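Since we're looking at a predicted model, the values are computed, not measured. Numbers restart at 1 for each chain; the letters A, B, ... are given by sequence-line order, proteins then strands.
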Protein chains: 2
Amino acid sequence: MEKDFYTFSEYMKKEDDSLTASMEDYLEMIYRLSGRNGFTRINELSAALNVQPPSATKMVQKLSELKLIKYEKYGVIMLEEEGRLLGENLIKRHNVIANFLSLLGVPDEEILTETEKIEHTVSEQTMKCFNDFICFMNNNPDIRKKYISYIEGHKSNLL
Amino acid sequence: MEKDFYTFSEYMKKEDDSLTASMEDYLEMIYRLSGRNGFTRINELSAALNVQPPSATKMVQKLSELKLIKYEKYGVIMLEEEGRLLGENLIKRHNVIANFLSLLGVPDEEILTETEKIEHTVSEQTMKCFNDFICFMNNNPDIRKKYISYIEGHKSNLL
DNA sequence: AATGAAATTTACCCATGGCTAACTTATTTA
DNA sequence: TAAATAAGTTAGCCATGGGTAAATTTCATT
């Protein structure tokens with residue numbers, strides 16, 4: 001009946017089928033960059049994620065071994081069907097969290113950063129709760145307004 | 001004017017004064033375990049965090065170098081003043097997040113896990129928003145009830 | 001006080017995901 | 001088409017935070 005604590009590293013360890021946080025970041029970005037032309041390249045990807053090209057190469061090789069993307073040396077990066085689907089869901093998750101934080105009053109300048117940190121940690125179940133909150137606020141504009149003015153009145157206070 | 005994406009690793013990198021996620025986990029747990037006797041030991045700590053004793057030793061040596069705890073080989077682990085203060089704040093942060101998730105309808109069995117993952121990622125500002133939400137719900141029990149019944153009605157649906 | 005058990009440390013090893021430097025391949029362009 | 005430039009890869013390094021096996025220290029007990 002004891003509570004069961006683990007370290008962060010333990011929680012973030014890759015499970016059999018799942019991806020690591022960084023793999024998710026890369027796949028998500030590949031999905032975004034593939035939007036225009038249907039493909040991207042190491043250079044574009046590494047620039048978009050603010051990493052050096054060799055880091056991107058390494059990760060792209062991993063994702064390729066996992067059959068999430070199609071890639072051959074010096075070539076173009078394209079999503080495999082499974083990768084496309086996964087990427088799409090990662091983006092959806094990202095957007096739900098960003099919306100959620102926005103509704104909560106997290107300032108615009110912080111939303112991207114906070115979303116990028118949080119998105120890798122939350123369970124499906126928690127995502128559902130975040131989504132419920134969004135829906136609730138959409139269905140109750142009166143409450144939403146009340147909430148907005150409530151947090152407006154708290155802006156200057158410290159925690 | 002471009003959005004600025006980074007990988008998760010980049011975000012989670014230790015800054016000058018701040019702690020890594022794992023350091024936070026250890027310090028937080030040392031704080032909890034010190035509650036009863038004013039100290040804890042490697043064994044107790046490693047059991048509480050589900051790591052092997054050598055891992056705990058290593059981290060305890062690091063925290064000791066940072067002057068957050070007092071520790072000598074084979075001895076007892078005690079918080080230094082700075083560590084005590086930090087630990088206290090980590091616990092507060094933990095509790096705010098746990099309350100927040102609970103209010104949102106995250107099921108009890110998941111709250112600890114989700115809290116332990118999220119607590120290392122959110123900014124002060126975001127914490128303030130979480131806290132505002134808690135206060136808002138406490139000040140508006142009518143809305144809180146409405147929200148509870150709203151999510152009750154969504155329990156069976158998928159995202 | 002000596003011995004055996006328990007607690008702790010040390011010395012390694014592993015994987016992840018960054019990095020740089022140096023090399024290779026591809027693409028421009030003169 | 002040859003040379004210059006750009007793009008990408010490889011090899012090898014670093015830090016983090018885990019792990020095991022073997023040594024060491026401490027403590028309890030006889």
When you get a sec, tell me which of [options] is the closest nucleotide to the side chain of [X]?
{"X": "A:Q61", "options": "C:dG17, D:dT9, D:dG17", "value": "D:dT9"}
{"X": "B:Y26", "options": "D:dT9, D:dG18, D:dA7", "value": "D:dG18"}
{"X": "B:V51", "options": "C:dT8, D:dG18, C:dG18", "value": "D:dG18"}
{"X": "B:S55", "options": "C:dT9, D:dG19, C:dT20", "value": "D:dG19"}
{"X": "B:K62", "options": "D:dT16, C:dT20, C:dA7", "value": "D:dT16"}
{"X": "B:P53", "options": "D:dG18, C:dT9, D:dG17", "value": "C:dT9"}
{"X": "A:Q52", "options": "C:dC19, C:dT9, D:dG19", "value": "C:dC19"}
{"X": "B:P54", "options": "C:dA11, C:dG18, D:dG18", "value": "C:dA11"}

Identify, between A:M23 and B:I42, the residue whose nearest nucleotide on DNA chain C lies closer to the 5' end.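 Whichever sits nearer the 5' end wins; that is B:I42.
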
How far apart are the closest heavy atoms of A:I77 and A:R41, and which atoms are they?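 Closest pair (atom of A:I77, atom of A:R41, distance): CD1-C, 3.6 Å.
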
Look at atom NZ of A:K14 and say whether more than 12 heavy atoms of other residues, nucleotides or ligands are closer to it than 6.0 Å.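 Count over threshold, so yes.
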
Please check if the side chain of A:N140 supplies one atom and the backbone of A:F136 the other of a donor-acceptor pair under 3.5 Å.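 The answer is yes, because a donor-acceptor pair under 3.5 Å joins these two groups.
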
Determine whether a donor-acceptor pair (N or O, by modelled atom type, separation under 3.5 Å) exists between the side chain of A:T57 and the backbone of A:P53.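 Confirmed, A:T57 side chain pairs with A:P53 backbone.
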
Nearest whole angstrom, please: distance from the [atom2] of [N] to the [atom1] of [X].
{"X": "B:Y74", "N": "D:dA23", "atom1": "OH", "atom2": "P", "value": "13 Å"}
{"X": "B:M59", "N": "D:dT16", "atom1": "CE", "atom2": "P", "value": "9 Å"}
{"X": "B:E65", "N": "D:dA15", "atom1": "CD", "atom2": "P", "value": "13 Å"}
{"X": "B:K14", "N": "D:dC14", "atom1": "NZ", "atom2": "C1'", "value": "16 Å"}
{"X": "B:L19", "N": "D:dT16", "atom1": "CG", "atom2": "P", "value": "13 Å"}
{"X": "A:N43", "N": "C:dT24", "atom1": "CG", "atom2": "P", "value": "20 Å"}
{"X": "B:Y71", "N": "D:dT25", "atom1": "OH", "atom2": "C1'", "value": "11 Å"}
{"X": "B:Y11", "N": "C:dG18", "atom1": "OH", "atom2": "P", "value": "12 Å"}

Mind checking [X] for me? I need base, sugar-phosphate or nothing, with any heavy atom below 4.0 Å counting as a touch.
{"X": "B:Y6", "answer": "nothing"}
{"X": "A:S9", "answer": "sugar-phosphate"}
{"X": "B:S22", "answer": "sugar-phosphate"}

Less than 3.5 Å between a donor and an acceptor, one on the side chain of A:K73 and one on the base of D:dG8, is that the case here?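 Not at all, since no donor on one side and acceptor on the other fall under 3.5 Å apart.
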
Tell whether B:K13 reaches the base of C:dG18 with its side chain through a donor-acceptor pair below 3.5 angstrom.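 Side chain to base: no pair below 3.5 Å.
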
Quick one: is [X] getting a side-chain N or O under 4.0 Å of the [N] phosphate, OP1 or OP2?
{"X": "B:T57", "N": "C:dT9", "value": "yes"}
{"X": "B:T20", "N": "D:dG17", "value": "yes"}
{"X": "A:R41", "N": "D:dG8", "value": "yes"}

NE2-OG1 distance between A:H120 and A:T115, expressed to the nearest 0.5 angstrom: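 Spacing of NE2 (A:H120) from OG1 (A:T115) equals 10.0 Å.
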
Of all residues at least two apart in sequence or in a different chain, which pass the ring-ring contact (aromatic ring centres under 6.0 Å, His included) check with B:F100?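 For B:F100, the residues satisfying ring-ring contact (aromatic ring centres under 6.0 Å, His included) (neighbours in sequence not counted) are B:F130, B:F133.
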
